[in-house]
Structures are given as C-alpha cells and as structure tokens.
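Accompanying notes for the structure given below.
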Number of protein chains: 2
Amino acid sequence: MPFTYLYPRAALTVDCVVFGFDEGALKVLLIRRGIEPFLNRWALPGGFVRPDETLDAAALRELQEETGLREVYLEQLYTFGEIHRDPRERVISVAYFALVRRTDHVPAASTDAADAAWFEAEKTPTLAFDHAEILKAALDRLRGKIRWQPVGFELLPKKFTLSQLQGLYEAILGRELDKRNFRKKLLALDLLVALEETTTAASRRPAQLFRFDQRKYQSLTRKGFIFDL
Amino acid sequence: MPFTYLYPRAALTVDCVVFGFDEGALKVLLIRRGIEPFLNRWALPGGFVRPDETLDAAALRELQEETGLREVYLEQLYTFGEIHRDPRERVISVAYFALVRRTDHVPAASTDAADAAWFEAEKTPTLAFDHAEILKAALDRLRGKIRWQPVGFELLPKKFTLSQLQGLYEAILGRELDKRNFRKKLLALDLLVALEETTTAASRRPAQLFRFDQRKYQSLTRKGFIFDL
DNA sequence: TCAAAAGTGTTCTTGATACACCCATGC
DNA sequence: GCATGGGTGTATCAAGAACACTTTTGA
C-alpha cells in the first residue's frame, strides 16, 4: 500500500466511443461488462489510465486490449466528472471518440472483455454508468464535425463509391441528400481521386471507386481551406 | 495521511482561459504565480479539484477565488494529460474557457493570487506549465465557435453598438469585415433588439444601442436554427 | 467648419436547390 | 427483358461580396 495522499484522489479512466458504418447505418461498439458494478450491462470500452501513459495512449491501449482495434481515428471528446458517476468511488473519465473502418477490422474480437458487439448508434441497450450521456455527446460531435471536416472517410473502406459516401452522410446527418447535388459538390472539391477500378457488380451496373486525397487536403488546409460539405 | 491507494494517482486540476474584449482587442486574464514551480511566472487561473465538487464547480470556484469573477460564460475545453506537464508530479488538468464582460467586472481583482492582469491574447509573456498550449487551444476554439454560436455577446456590454460587435468579430477572426454587409446580416437574423437609447457622443454621431435577444435565440435553436454568422 | 464615427442600397457573382431520365450489369 | 443501383445537366433562387457617399455630433 505505498501511495498515500493528504486528500482523496479521484481515479482516472478513459472511455472510447467507437463508431463504425455498416449496412447503411452508424454503429457503435460496446462491451459487455464482466464485473461489478453493472455486471453484464453493455458499456463503452475503456479503463484506467496508467501512471506512465498519456491520456491518448491510454485510449489507444484500451481500444487495442478490449477490441483489437489499431490505427483508428481517435480524438478526445470531453471529460466527465460528476461525483457519483461511478457508484464505487470518484472516477473522472476522459472520453474519446474513434472512427473505424468496419471492413478493416474483426467485427468484435476481444481479449479482455467478456463480449463485444456493434449496435446501431441510436438503438443501444441501457448502458452502464453515464455512458449513454457520453454516447450522446459523441454523436453530437460527429454530426457537427462531419460537416466541416473530412472525417467521414475514416468510416468507409479506403476505396469507396459515391453512393456509399452519400449513404454515410445521410445516415449521420439523418436526412436524405440529392444525388446529383451531392456528387457535384464532392467532385467540385477536387479531393476525391477516381481509381481505375469499379465495383464488381452484383446484378447491377458497376460503380466508380474513389479514394480521398488526404495529402491534398492537408496542403489545402494549410492554405486556409475549409472543407464544409 | 489517510488516503492510500495501490497505484499512484494523478492529481486533478482545472485551468481557466478567461477571455475579455477591451480597447478593440481580445484579452486573456493571467495570474502571477506566488509559489514554486514557475514562481513569478504568469499562468492561467486554476487549481485543484476538490473531492466533493464537479469539474464545472471547481472551475467556477477557482475563477471566483482568484479573480473575483462570477456569472461568466464557462465551457469545458480539453483535458491535458502529458506525463511531465507539471514537474512535481503527475497532474491532469481539465481546461475551461470563459468569456467575461470587461465592463461588468473589476479588471484584475483577486484574493488568492499575488497578481492578476489582462494581456492581449496573442501577446502574452512566457507562461507556466503547458499553459501556452492551453491558451492556443482556447483561441482556436473561440475562433471556431464564434462563427456558429452567438458567444461573442458574452464579451460585450449588455448594451452595445453594431460597430462594437463588428470590432469584436474582426479582432477574433483576425480580418476586416465589410460594414454594410455585417450590419445587413446581423439585423436580418432578427436577434438584435434596438434599444431606445444611443451612445452619448464623444465628439461624434451617437450610435444606436442593441441587446442580444437570448430568449428568442434559444427558442429558434430548439427549432433547429443555426446561428452561422 | 472640421474631424470622427454612424448609417444606408444596389449590383453582381456564386453557390444551393429542385428536378427526371438513360445506362450497364447479372440473373 | 427486367430489376437494381449508377450516372448525368439545367434552370431557378438565395445568399455573399464588392462598393461610396451622406449624416450627426462635439469641439
């Protein structure tokens, strides 16, 4: 019992809201808890921050340990510090949100966690702790962010069709978009590169595949360009 | 020495970036440190979170104690957790940013702090800890936020002229705006109420005073309205 | 009467929206 | 040959940008 302080100290955790896009819907990755409190409840992946790692590193590590995910888009979201958000003791949680390509990763592999699964982001079961609130904050952030930062591409395969991209925006923004206007606007940005490939059709016309030109976007950004879909 | 844990725990602080607007420039409120480390360096107001208060409450309390400020616009900004950001031990800081009306408050009253003063936000002296980084994050947030949320009014007197408002936007966005277009757009939003008052002139034409209609804005917001200057 | 800031309209350009049909493929 | 999603252009409307002079006041 070597660590002693004059005043009580809150424990520090990170929790990750991991979004994926699949079957035309925005999904979130949840872990079924194997311990009390909230035994068997679904919760966001996360855990304690170690004394020798930064917050970002802790988020990446937990993601890796609990879901097997690596090389994902990760961004700090908000810090939740209500006094009784954890019934055991005071726990401060730094929440992150992550975007992953469903195609790149095992759907729900895990080492630590008893169980992991994808749920539609707006149709989750009752969550442990204040995780419903965290999820809501993440959804708000994603919806706000996708309109002025090209983060949507993190949710799609590296090669994607314009219809897939449009479906993604429709799912996240929650409204339908006009196909011709959407294509016109996206192509006018000149940030999509048409590949010399098409989808291999399943009883329909093959679609042009594109990739997002990250390098070009970054160089434009430095010149003050703002994405603004 | 009653509080003992199996693993070391980081200390938890809040730091506040307090912005004000004065003399046509964006200012930030700094405190001169009275103790080591960084003795006599300028730093953001802040301090330790108590075991029985939320993060928001801690930020409000520190603001009150160190600067005498009350009833300010306050919003959580970002949490800084680099391992050696405090040379003494591991300290996690939840940063807040605050907007205050210079006219409402004592310029630099303080109880706790040795000394407090306003500096131009982009011309501060060298700051303690990683506070320069925190300040930069706050500036970025403010510049992003002011364009799509009516937070600028928190920095002006409750009664203000359109020229003052324009000057504020110009100072924060760092570019000049066209007077006629600015006025047209702001008035078209129909969120400014013309008061039956004007400035009492100092050798020039008196200007119409306005106030921001917070109630109307909130009711529009609920209907999906987005400010977007 | 001068200095200093307040106030005011129109034109042009650009981007947003609305909208309907033909195409290529696998079965 | 038919079902399925892929792909394309134009006309209208709204908002943004550019731009210069008159007004009111106190000194």
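Any value given below was found using the heavy atoms of this structure, including those in side chains, with hydrogens, waters and symmetry copies removed. Every chain is numbered from 1, with letters handed out A, B, ... down the list of sequences. Note that this is a predicted model, so its numbers are computed, not measured.
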Cation-pi check, A:R102 to A:W118: give yes when NZ or CZ is under 6.0 Å from the six-membered ring centre and within 45° of the ring axis, no otherwise.
yes
Could you tell me how far apart A:D228 (CG) and D:dG16 (C1') are, to the nearest whole angstrom?
13 Å
Is the shortest side-chain N to carboxylate O distance from A:K145 to A:E75 below 4.0 Å?
yes
With a 3.5 Å cut-off and heavy atoms only, can you find an N or O donor on one side and an acceptor on the other between the side chain of B:R205 and the base of D:dT23?
yes
Electrostatic pair B:K159:B:E197 at N-O distance under 4.0 angstrom
yes
Could you state the atom-to-atom distance from CD of A:Q208 to P of C:dA24 in whole Å?
14 Å
Expressed as a whole number of angstroms, how long is the span from A:Q166:CD to D:dG5:P?
14 Å
Stretch residues 168-187 of chain B: residues that reach within less than 4.0 Å of DNA chain D through a heavy atom
B:D178, B:R180, B:N181, B:K184, B:K185
I need the CZ-C1' distance between B:R147 and D:dG16, as an integer number of Å.
12 Å
Point-to-point distance, once rounded to the nearest 0.5 Å, from CZ of A:F160 to CZ of A:F212:
8.0 Å
Got a salt bridge between B:E170 and B:R175, using NZ or NE/NH1/NH2 to carboxylate O under 4.0 Å?
no
Compare all side-chain heavy atoms of B:I146 with those of B:L173 and state whether any distance is below 4.5 angstrom.
yes
Atom-to-atom span, CG of A:L165 to P of D:dG7 - whole angstrom:
13 Å
Under 4.0 Å between a side-chain N/O of B:S163 and OP1 or OP2 of C:dA5, yes or no?
no
A:L192 has an atom CG; how far is it from atom P of D:dG7, in whole Å?
13 Å
Counting any heavy atom closer than 4.0 Å, what does A:T199 reach on the DNA or RNA strands: base, sugar-phosphate only, or nothing?
nothing
